[in-house]
Structures are given as structure tokens and as C-alpha cells.
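Only one structure is covered here, and it is reproduced in the block below.
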Amino acid sequence: NGGGTVSSTISTPAGPKEEGQIINDIQVTTGIKNHEQILHTMGAVTGIDPYSNTSIMNVYNQVSSSLPTDNDIKIFSSTQQVAVTKLAAEFCFALTSDTAKRAVIWPGFNFGAAPATAFNNQALFIDQTIDAFWGPLVSDEEAQGAHQDLMALITMLNGTQTSSTATMNTVRGVCTSVLSSAYVTIL
């Protein structure tokens with residue numbers, strides 16, 4: 001009776017979404033680096049220029065079709081992880097073969113010693129590896145878990161070996177494990 005207006009709290013439907021809105025709605029906040037991003041990241045953290053290293057580029061060319069082509073983590077496959085690991089192994093081989101570059105990652109580490117001597121301070125070696133390849137991306141809890149796993153890997157790779165070749169192979173195994181991990185390949 002007062003002639004006032006009534007406001008409605010019901011809103012009208014927004015209607016169909018445009019393609020851009022749909023894409024924005026389904027985008028993920030975490031992704032995987034594509035093949036070029038992985039190559040450049042591995043080069044940056046190891047200090048090895050992949051474009052001036054023939055063996056790395058040969059491996060990259062062999063596995064590039066198996067590496068991720070875009071950043072969609074939902075389609076990341078075990079085949080792609082194998083390709084990432086193979087590329088990481090080649091970077092680690094190049095890194096450990098270069099005395100100047102490996103000294104930057106592992107200062108004071110004795111590559112010419114038997115494993116029992118070379119890895120007398122496994123925690124330091126693992127800290128240096130994690131710092132070089134993962135940097136500040138890893139939490140203390142994750143680093144502690146990585147320490148346990150990498151110490152087990154060092155023990156497994158060394159066994160009863162007594163040669164400097166075993167030391168080098170162990171360093172390459174740990175390097176490959178850390179370099180091919182999600183901390184390096186995830187966006």
C-alpha cells in the first residue's frame with residue numbers, strides 16, 4: 001500500500017561462458033616444464049651450456065620427442081620422466097667430467113678417493129647437491145626426507161666398492177636423481 005519498490009535477491013544466470021573463460025577455469029596452478037624449459041633449467045643449475053656440449057645435445061635430440069611439449073602436468077607420463085632422467089644423466093656426466101664446474105657444486109669433495117673416504121661426510125655432499133639443484137624451493141622437512149633417501153642411494157651404489165670409479169658413479173647417480181626430480185621440472 002505504500003507504493004514502494006521491491007528488490008529481488010535473485011540474480012539472473014550469467015549465460016554461456018566464452019572459450020577464454022572456460023580455459024581460465026580449467027588452468028592448473030602447477031605445471032611441468034616443457035622440453036626447452038627443462039633443457040635450460042638443467043643447464044642453469046649445473047653450469048653446463050647444453051648448446052656447446054655435443055653429447056648433451058645428442059641426448060636431447062634423441063629424447064626431445066618424449067619430453068613434455070607443453071606445461072600441462074595432467075598429461076605428464078612415465079615415458080616423459082624416463083626422458084627427463086636420461087637428459088639429467090647426461091648433464092651429470094658432463095658436470096662431473098668438468099673439474100672446474102664440479103668444484104662449484106661440490107667444493108672440497110675428493111672425486112679421486114674411494115667411496116668410504118669421499119663420502120665420509122654424506123650430509124655435506126647431499127646439502128651441496130640440494131642447494132645447487134633445488135635451492136630455496138625445498139622445505140626443511142622435504143630436505144630431511146631427501147637426505148634419508150639420498151643416503152640410502154649412496155649406500156646402495158657404493159656397496160663394498162673401493163675404487164674412485166665407484167665414487168664417480170655414485171656422484172653421478174645422486175646428481176641424476178636430484179636433477180631429474182620434480183623440484184627441477186615443475187613450474
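For reference, positions follow the sequence shown, starting with 1. When reading the values below, keep in mind they use all heavy atoms of this one structure, side chains included, and skip hydrogens, waters and symmetry mates.
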Find out whether [X] and [Y] are in side-chain contact, i.e. whether some heavy atom of one side chain is under 4.5 Å from a heavy atom of the other.
| X | Y | answer |
| --- | --- | --- |
| Cys175 | Phe91 | no |
| Leu87 | Met42 | yes |
| Val178 | Ile126 | no |
| Glu36 | Leu39 | no |
| Val171 | Phe125 | yes |
| Ile48 | Ile56 | yes |
| Arg172 | Ser97 | yes |
| Ser180 | Thr185 | no |

[X] [atom1] to [Y] [atom2] distance, which is reported to the nearest 0.5 Å:
| X | Y | atom1 | atom2 | value |
| --- | --- | --- | --- | --- |
| Tyr60 | Ile38 | OH | CD1 | 8.5 Å |
| Asn169 | Thr96 | CG | OG1 | 8.5 Å |
| Met151 | Phe119 | CE | CZ | 11.5 Å |
| Asn34 | Leu67 | CG | CG | 9.0 Å |
| Ile32 | Gln80 | CD1 | CD | 7.5 Å |
| Ile154 | Gln122 | CD1 | CD | 4.5 Å |

Problem set entry | Residue pair Ser55, Glu90: steps toward the side-chain hydrogen bond (donor to acceptor under 3.5 Å, both in side chains) verdict | CA-CA 7 Å; Ser55 63; Glu90 196 59 37; 3.0 Å; yes
For this session: Would you check, one step at a time, whether the test side-chain hydrogen bond (donor to acceptor under 3.5 Å, both in side chains) holds for Asn158 with Thr170?
Result: CA-CA 7 Å; Asn158 284 330; Thr170 301; 2.8 Å; yes
Problem set entry | side chain to side chain contact (heavy atoms under 4.5 Å, CB included) evaluation trace for Cys92 with Leu179 | CA-CA 8 Å; Cys92 289; Leu179 190 60; 3.9 Å; yes
Donor-acceptor pair, side chain of [X] and main chain of [Y], under 3.5 angstrom:
| X | Y | value |
| --- | --- | --- |
| Ser177 | Gly173 | no |
| Asn53 | Asp49 | no |
| Ser163 | Ala166 | yes |

For this session: Show the numbers, then the answer: is there a side chain to side chain contact (heavy atoms under 4.5 Å, CB included) between Leu153 and Leu150?
Result: CA-CA 5 Å; Leu153 179 62; Leu150 294 172; 4.2 Å; yes
For this session: Mind running side chain to side chain contact (heavy atoms under 4.5 Å, CB included) on Lys33 and Ile186 for me, showing each step along the way?
Result: CA-CA 6 Å; Lys33 292 177 181 169; Ile186 296 289; over 6 Å; no
For this session: For ring pair (Phe, Tyr, Trp, His ring centres under 6.0 Å), just list the numbers for Phe109 and Phe111, CA-CA rounded to whole Å, side-chain angles, deciding distance to a tenth of an Å, and then say yes or no.
Result: CA-CA 6 Å; Phe109 186 82; Phe111 288 86; 4.8 Å; yes
Exercise. Is it true that atom CG of Asp140 has more than 12 heavy atoms of other residues, nucleotides or ligands lying nearer than 6.0 Å?
Worked result: no
Exercise. Which residue pairs pass the side chain to side chain donor-acceptor pair (under 3.5 Å) test when at least one of the two sits in residues 100-117, sequence neighbours left out?
Worked result: Trp106-Thr129
For this session: Check side-chain contact (heavy atoms from CB on, under 4.5 Å) between Ser181 and all other residues, then give those that pass, not counting sequence neighbours.
Result: Trp134, Tyr183, Val184
Exercise. Quick one: side-chain contact (heavy atoms from CB on, under 4.5 Å) partners of Ala132, sequence neighbours excluded?
Worked result: Ile105
Heavy-atom closest contact ([X] atom, [Y] atom, distance):
| X | Y | value |
| --- | --- | --- |
| Thr167 | Ala118 | CG2-CB, 3.5 Å |
| Ala83 | Ser66 | CB-CB, 3.8 Å |
| His147 | Asp127 | NE2-OD1, 2.6 Å |

Problem set entry | His40-Tyr51 aromatic ring centre distance below 6.0 Å | yes
Problem set entry | Donor on one side chain, acceptor on other, Glu142 and Ser139, under 3.5 Å | yes
